[in-house]
2 protein chains.
Amino acid sequence: MLIPSKKGQYALRAIYELSRRKDEGPIKISTIADVQVIPHRFLEVILNQFKGSGIVEAKRGVYGGYSLTRSPSQITVGDVLRYLQRDRDATACLACVSQKTCPFFDNCGFLKLWQKVKAAAFDIYDQTTMQDLLDSNETDIALKQAPVE
Amino acid sequence: MLIPSKKGQYALRAIYELSRRKDEGPIKISTIADVQVIPHRFLEVILNQFKGSGIVEAKRGVYGGYSLTRSPSQITVGDVLRYLQRDRDATACLACVSQKTCPFFDNCGFLKLWQKVKAAAFDIYDQTTMQDLLDSNETDIALKQAPVE
DNA sequence: CAAATCCCGACAAATATAGTCAAGAAGGCA
DNA sequence: TGCCTTCTTGACTATATTTGTCGGGATTTG
């Protein structure tokens, strides 16, 4: 998974939405789900997994919802993706499909290659903050409204 | 898929094996499967998909088997992975999970990010030839036999 | 012709991903 | 207090994808 699964993309979109509205106080799951077109129940599961991540926090009750615990410029795509994967990465060998079933163990000629690629991908993910995404999206919209001909 | 699935890894290992033995004439599927620990029948399917790729060619009959059509230094990991994916990439949007279901179409803030990551990965894959893998593996083995202390 | 080998399409099994549900806990407010 | 709203939790189901298998057919060589 270097281009995230739907779940990963939902997570990012949800956190992106929270970033967009960081000054509106807690945002309800149902609001995020509506705006970002994510199945409500599934988003519950997803956001719940971010408990303890230090990225979001939840509040129950009438004025409850989710909000960010740090500013969008301090949350990277890498943070989000890594957190979503934390248990899997521990066991699974990123190089071969699985260290147990790889017949070459530490002598697999492809291992270094996979590591290089994963590093390259996470270089990019780690350098991209939620704030960057907000900014780049605004630029896009501006360009569309006043296109250069 | 930027770190290849098992199938992709099988394909690479098979072509790697053909590279190692490029001077031995056609190699039987069953030989490749044995050496590289790949399910025989599955490998049949996989190699069959490379028909028309310009990477390998098959010969039937008693002294039949597979062989490369170009030298290992002219086959990149990118060639192999791309060929394996050719039909999928045509329809599926590499950016969102699928263009049809992505609610943001061409306005998805993440699209450029996925493209960047995919490009970074294929930069590496396209620069890595089968010959490179052969060479690097030999170096590894040499280092193990005479480790620097 | 027979034996070896690839070829082909359909099928089956395993795994991963995506999504749902029901009941509970907690916060806010009258 | 009691009620409404919202997150919490864990189990459950459904769907898609990946990984394989099988039987029989086509080719080549001797």
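Computed from a predicted model, the values in this text were never measured in an experiment.
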Chemist: Return the value, rounded to whole Å, for the distance between atom CD1 of I3(A) and atom C1' of dT17(D).
Modeler: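 Between C1' of dT17(D) and CD1 of I3(A): 17 Å.
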Chemist: Mind listing the N/O atom pairs, protein and nucleotides 19-23 of chain C, below 3.5 Å?
Modeler:
{"residue": "dG19(C)", "atom": "OP2", "partner": "Y10(A)", "partner atom": "OH", "Å": "3.0"}

Chemist: In whole angstrom, what separates L47(B)'s CG from dG20(D)'s P?
Modeler: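 L47(B) atom CG is separated from dG20(D) atom P by 14 Å.
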Chemist: Taking all non-hydrogen atoms of both residues into account, name the closest pair between S67(B) and P26(B) and its distance.
Modeler: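 The pair with the smallest heavy-atom distance is CB-CA, 4.3 Å.
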Chemist: Are K28(A) and dT6(D) close enough that a side-chain N or O sits under 4.0 Å from OP1 or OP2?
Modeler: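 Checking dT6(D) against K28(A), a side-chain N or O does come within under 4.0 Å of OP1 or OP2.
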Chemist: To the nearest Å, how far apart are Y66(B) OH and dA4(C) P?
Modeler: 19 Å
Chemist: What string of B, S and - do you get for nucleotides 25-30 of chain C, 5' to 3', when a contact is any protein heavy atom under 4.0 Å?
Modeler: BSBSS-
Chemist: Sequence neighbours excluded, which residues qualify as side-chain contact (heavy atoms from CB on, under 4.5 Å) partners of T129(B)?
Modeler: T76(B), Q131(B), D132(B)
Chemist: Relative to each other, are the rings of F122(B) and Y125(B) parallel, tilted or perpendicular (30° and 60° limits)?
Modeler: perpendicular
Chemist: Between N48(B) (CG) and dG9(C) (C1'), how many Å, whole number?
Modeler: 11 Å
Chemist: Find the distance Q49(A):CD to dC7(D):P and express it as a whole number of Å.
Modeler: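 Value for this atom pair: 16 Å.
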Chemist: Think S5(B) has a side-chain N or O under 4.0 angstrom from the OP1 or OP2 of dT19(D)?
Modeler: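 Indeed, a polar side-chain atom of S5(B) lies that close.
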Chemist: Among residues at least two apart in sequence or on other chains, which ones pass ring pair (Phe, Tyr, Trp, His ring centres under 6.0 Å) with Y63(B)?
Modeler: none
Chemist: Taking atom C1' of dC7(D) as reference, at what distance in whole Å does atom CD1 of I32(A) sit?
Modeler: 12 Å
Chemist: Rounded to the nearest Å, what distance is computed from the CD1 atom of residue I38(B) to the P atom of nucleotide dT21(D)?
Modeler: 12 Å
Chemist: Sequence neighbours excluded, which residues qualify as ring pair (Phe, Tyr, Trp, His ring centres under 6.0 Å) partners of Y66(B)?
Modeler: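 By the ring pair (Phe, Tyr, Trp, His ring centres under 6.0 Å) rule, Y66(B) matches no residue at all.
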Chemist: For I29(B), report the nucleic acid contact type (base, sugar-phosphate, nothing); a contact means any heavy atom under 4.0 Å.
Modeler: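 It contacts sugar-phosphate atoms only.
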Chemist: How would you list, by chain and number, every residue that makes a side-chain contact (heavy atoms from CB on, under 4.5 Å) with K116(B), sequence neighbours excluded?
Modeler: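 K116(B) satisfies side-chain contact (heavy atoms from CB on, under 4.5 Å) with I124(A) only.
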Chemist: Excluding sequence neighbours, so at least two apart, what forms side-chain contact (heavy atoms from CB on, under 4.5 Å) with R70(A)?
Modeler: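 If we apply the side-chain contact (heavy atoms from CB on, under 4.5 Å) test to R70(A), skipping adjacent residues, the hits are I55(A), Q74(A), I75(A), D79(A).
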Chemist: Applying side-chain hydrogen bond (donor to acceptor under 3.5 Å, both in side chains), can you list everything that pairs with K7(A), at least two apart in sequence or on another chain?
Modeler: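 K7(A) satisfies side-chain hydrogen bond (donor to acceptor under 3.5 Å, both in side chains) with Q49(A) only.
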Chemist: Do any pairs count as a ring pair (Phe, Tyr, Trp, His ring centres under 6.0 Å) and have a residue in residues 22-47 of chain B, sequence neighbours left out, and if so which ones?
Modeler: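 Applying ring pair (Phe, Tyr, Trp, His ring centres under 6.0 Å) to every pair that reaches into residues 22-47 of chain B, excluding sequence neighbours, yields Y10(B)-F42(B).
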